[in-house]
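Encoded as structure tokens, the structure appears first; notes follow it.
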Amino acid sequence: MDGCETEVSLRSLLAAAPHQQNKAKLVHQLEQLAEERIAEGLPWTPIPYSVIQFCGPLMLTWVGWFPFISWKAVVTFVVESIGSLLIQEGVFLYGVEDKVLQLRTELRRMRSYLQDADRRQDENESLKNWISEIREAAYDSDDVIEAYALRGASRRNRRGALSLIKKCALIINRFIEMHQVGSQVDGIIARISSLTRSLETYGIRPERGEASNSMHGRQRALTRSYSHIIEEDIIGVEDDVKILESCLIHPSKGYRVVAICGMGGLGKTTLAKKVYHSTCVRHHFEGLAWAYISQHCQARDVWEGILFKLISPSKSLREELVNMRDEELAKMLYQVQVEKSCLVVIDDIWSADTWKKLSPAFPLGRSLSAVGSKILLTTRNIDVAIQMDPSCYLHTPRCLNDDDSWELFQKKAFPKIDGPDFKISTEMEKLGREMVGKCGGLPLAIIVLGGLLASKPTFYEWDTVHQNINSYLRKAKGQEQHLGVSEVLALSYYQLPYQLKPCFLHLAHFPENLEIPTKKLIRIWVAEGIISLPQTEGEGEETLEDVAQRYLTELVERCMIQVVEKSSTGRIRTCQMHNLMRDLCVSKAYQENFLEVIVSWNAEETRGVSRARPMGKVHRIALYLDQDVDRFFLSHLKSHHHLRSLLCYHEKTTRLSEWGLMKPVFNKCRLLRVLNLEGIQGQRGKLPKEIGYLIHLKFLSLRNTKVDELPPSIGNLKCLQTLDLLTGNSTVQIPNVIGNMHRLRHLYLPESCGDSTERWQLANLKNLQTLVNFPAEKCDVRDLMKLTNLRKLVIDDSKFGDIFKSPNVTFSHLESLFFVSSEDISIVHVAAGCPNLYKLHIEGPIKTFPEHHQISSKLAKLKLQGSELIIDPMPTLEKLPNLRLLELQLDSFMGKQLVCSSKGFPQLKSLLIHHLHNLEEWKLDKGAMPCLSKLEISNCTKLERVPDGLRFVTTLQDLEITSMFAEFRTKLEKGGEDHYKVQHVPTMVFCYCDY
């Protein structure tokens, strides 16, 4: 029904009610019409004034409110810290829409100023205070609009008949609220306009300011490197130097660009100098030049500096070079590198744009490799090296180990360490080692700490530093350092693109040393609203999760977070922050009032954090819990009315005596968007019905919480994007409301959703990307055919395979499938219907194993269990070009022999062969599995030996043998007849091999 049809319908209704006594009935009919359009997801068109004329004053009031209470267009301004504002959507509120649009305009104008002000706030304390006020004004606008939306939605959810008097009273209240909201918005607009004018007095402009005039630019100037200044006391770089020398000198390597990448303070420049001055490098190249790249690189200055070092020009030639046009100078430098072998070191280059400015003077094609000219660069951004040369050699130095860290520290803390009288007491060594441990192997931090303690010879002074080690590391400057550790690391933060800063600050939620699961992190970012789709058209079908994945990858490439584990498809599975980078992250998050951390087991730490955080409303809380949840959890949360995000973490088992204690939190924190209660072990019971108040909630995790029943009010959470109900109970009573949560993107269900016989309708969840534990007992498996955006599916239902028998059934976006069936599975049909699978896990008998061309060439991970295959599957699997992980588990193969031919499994990195009870022989030809790094053999008791071809798999790093006969182990151990096959493997583990 479009706007015209709506007007016609209303005219007919109004014409049928000419008398005042029919107005109440008419109002009810109009309410029903609005509700029907809302239920259908259609906009509720504002009613033309020409129609309202029929109604009289009372009807004008009622009809005027319908477009507002539909909430079709109610959105939130999500304003992110770091002095930046990210406005997510527009807002149209009936009666105040003009003012809200004006507010949106002011915020957008303010945002352009903040891009400059954010970089320069350290120059002036008053400027920092202004930015803080701007942030609070933006948060206030967010609060006003969302609180108003919350009240309106609560009214709409009320059911039951009301008397005309009560309806009139409600109408009056609504208009009073409209007037209040209008006044509040006017006040915020005035505040923002005033603050914007004030920013101009500090020289802040809408356009991007010159960083060379900023504090950050001056800080970078202090880090400038000079090739003739060679650091002493270099520890733990011998292996790195040999690797880099080999890449630069040996023609067989073929690298034209060699990049040293890593976080600030890792010693990249120090390592580059060591290589630059090494004897073999200087003898190999005919010309050498060192160029430090400033933050605002002037290409001509860099070209001149390099050229002067490569050709040592006479005075007249130098004058001639100075007078050359830019293109002539670039061409001359280019030609020098083509005609003789040169090594150019480009130190501290930050962006690909800088390289684009410099690149016309550097040949990187065949002409360069012919004479052997090379480029050695240092950068904090891996993408810079990739942009320079996709085939470059990337070298990422590791942090120092404990022994090297202690050796470096001693050289800095005890300058006379080589003297005959040097001696360190046991007590001071213990303190010193603990403090060095806080440096996390970062050379800069160790040097700064050693320089600080060099002037503090007493135990008392060392103990004072030990007790406040984080503060000292942030502020102290070593004897040879112009900047402290925090300042050096902060340069990476200041260089982040605008959209990445809130993503980085959000990492301050996570406790130290925690391995962060990236899937969960990405979904929280999306729920928080700090991820937005690119505005450029033609971006394809990229989702918010895809954008968040890109942002995460870029933070990794900028060496601000570290990858702990990758999946078989190459995606980052878990990540972690260096503890000093995390310390910077937490510090910036507090400064920007981005979040508050509450530590239940350390009251002193909590109070210290609170003092560090600027005054203002708290919108995010990270709650670090101990076992006493009842005492601490609720007392700190029930007063935070403006809270948007609550993430809970705990070191040990954390128990809540009863879930009813959560009622005040649900009742008071009604603006929550993210609620992570994972791991809070409450007693088995029902989640309080007050959870239904959190209508803005987008992310809810109850994983491992022991909740065994959800209230019907959970259906009020219509904005939910992620719902995780893997509570640890095999059965959770779930009301029939899931099918109405149309915005769900990721749904994790328990094994059983209760004993109700009601049928669920999941076909409406068009946005669903993840569905774990499809509820076969409540749903028709054919509903899956309508979930066209599914990317991951876990299903235990034999009927799933049948849906592929219908023509043209294709899950074109499905990347991961875990399918359990008790009947024969037609994997040929499944593979054909899922052409883009990356991960496939099938449990159940397989009728016919497909040919390799019938399986997605993208398949990277395959697990088979109970397949009962008689024919060897290896001839098919070895032809899959991207298979990286293969698991043949319990009775997946019933035959006696597996054969892997030469050049098979070109990308396989991990192979697990478990419980193949009939397997007697495994043949592996030379040249098979050239990338294999991990092999597990377990409970294959008829297998007598590993294949001879294993000795040619030089990439194998880990071999684990479990539950095999002792004879099998004896053959592989040193001195055994098969030891020659595995003697090159660094790590071999034998478990339960004694029977």
Above 12 or not: heavy atoms from other molecules or residues under 6.0 Å from [atom1] of [X]?
| X | atom1 | answer |
| --- | --- | --- |
| Lys686 | NZ | yes |
| Lys706 | NZ | yes |
| Asp402 | CG | no |

Problem - Tyr493 six-ring centre to Lys501 NZ/CZ under 6.0 Å and within 45° of normal - result: yes
Practice task
Measure from NZ or CZ of Arg582 to the centre of the six-membered ring of Phe510, then state whether that distance is under 6.0 Å and the direction lies within 45° of the axis.
Solution key: no
Exercise for the section: Start with the C-alpha gap between Leu489 and Leu580, add the side-chain angles, then the distance that decides, and say whether side chain to side chain contact (heavy atoms under 4.5 Å, CB included) holds. Expected result: CA-CA 8 Å; Leu489 295 179; Leu580 294 178; 4.0 Å; yes
Got a donor-acceptor contact below 3.5 angstrom from the [X] side chain to the [Y] backbone?
| X | Y | value |
| --- | --- | --- |
| Asp708 | Asn729 | no |
| Thr518 | Arg573 | yes |
| Arg743 | Lys698 | no |
| Ser713 | Lys689 | yes |
| Gln681 | Asn704 | yes |
| Asn789 | Asn767 | no |
| Asp546 | Thr543 | yes |

Practice task
Given side chain to side chain contact (heavy atoms under 4.5 Å, CB included), test Gln549 with Ile522 step by step and report yes or no.
Solution key: CA-CA 7 Å; Gln549 183 71 47; Ile522 284 171; 3.2 Å; yes
Shortest non-hydrogen contact between [X] and [Y], atoms and distance:
| X | Y | answer |
| --- | --- | --- |
| Pro511 | Tyr624 | N-OH, 3.4 Å |
| Ser645 | His509 | OG-NE2, 4.3 Å |
| Leu449 | Cys439 | CD2-SG, 3.9 Å |
| His650 | Ile680 | NE2-N, 4.1 Å |
| Ser730 | Pro750 | O-CB, 4.1 Å |
| Leu725 | Val732 | O-CG2, 4.4 Å |

Can you tell which of [options] makes a side-chain contact (heavy atoms from CB on, under 4.5 Å) with [X]?
| X | options | result |
| --- | --- | --- |
| Trp525 | Leu544, Leu552, Val674 | Leu552 |
| Gln576 | Leu507, Val564, Ile516, Ile561 | Val564 |
| Leu702 | Asp724, Leu723, Leu675, Thr727 | Thr727 |

Given side chains that start at C-beta, do those of [X] and [Y] come closer than 4.5 Å, heavy atoms only?
| X | Y | value |
| --- | --- | --- |
| Ser492 | Arg558 | no |
| Leu717 | Ile691 | yes |
| Met560 | Met263 | no |
| Leu444 | Val488 | yes |
| Met741 | Ile714 | yes |
| Leu555 | Leu496 | yes |
| Cys719 | Leu697 | no |
| Phe666 | Leu694 | yes |

Practice task
Return yes if a side-chain donor-acceptor contact under 3.5 Å exists between Gln562 and His578, otherwise no.
Solution key: no
Handout entry: Donor on one side chain, acceptor on other, Tyr693 and Lys668, under 3.5 Å
Key = no
Exercise for the section: List the steps, then state whether side chain to side chain contact (heavy atoms under 4.5 Å, CB included) holds for Leu672 with His696. Expected result: CA-CA 6 Å; Leu672 273 174; His696 294 289; over 6 Å; no
Handout entry: Parallel, tilted or perpendicular, as decided by the 30° and 60° cut-offs, for the rings of His642 and His619
Key = tilted
[atom1]-[atom2] distance between [X] and [Y], expressed to the nearest 0.5 angstrom:
| X | Y | atom1 | atom2 | result |
| --- | --- | --- | --- | --- |
| Leu646 | Leu595 | CG | CG | 11.0 Å |
| Arg703 | Leu726 | CZ | CG | 4.5 Å |
| Leu687 | Gln733 | CG | CD | 14.0 Å |
| Ile621 | Glu596 | CD1 | CD | 5.5 Å |
| Phe818 | Leu793 | CZ | CG | 11.0 Å |
| Leu643 | Leu671 | CG | CG | 9.0 Å |

Practice task
Determine, step by step, whether Glu557 and Thr553 satisfy the side chain to side chain donor-acceptor pair (under 3.5 Å) criterion, reporting the C-alpha distance in whole Å, the side-chain angles of both residues, the deciding distance to 0.1 Å, and the verdict.
Solution key: CA-CA 6 Å; Glu557 290 175 345; Thr553 301; over 6 Å; no
Problem - salt bridge (Lys or Arg N to Asp or Glu O under 4.0 Å) partner of Glu528, the single match among Arg673, Arg620, Arg523 - result: Arg620
Practice task
Any chance you could lay out the side chain to side chain donor-acceptor pair (under 3.5 Å) test for His746 and Gln721, step after step, and finish with the verdict?
Solution key: CA-CA 6 Å; His746 309 284; Gln721 296 174 350; over 6 Å; no
Problem - Check ion pair Lys519-Glu545 (N to O, under 4.0 angstrom) - result: no
Handout entry: Working for side chain to side chain contact (heavy atoms under 4.5 Å, CB included), residues Thr770 and Leu747
Key = CA-CA 6 Å; Thr770 304; Leu747 177 60; over 6 Å; no
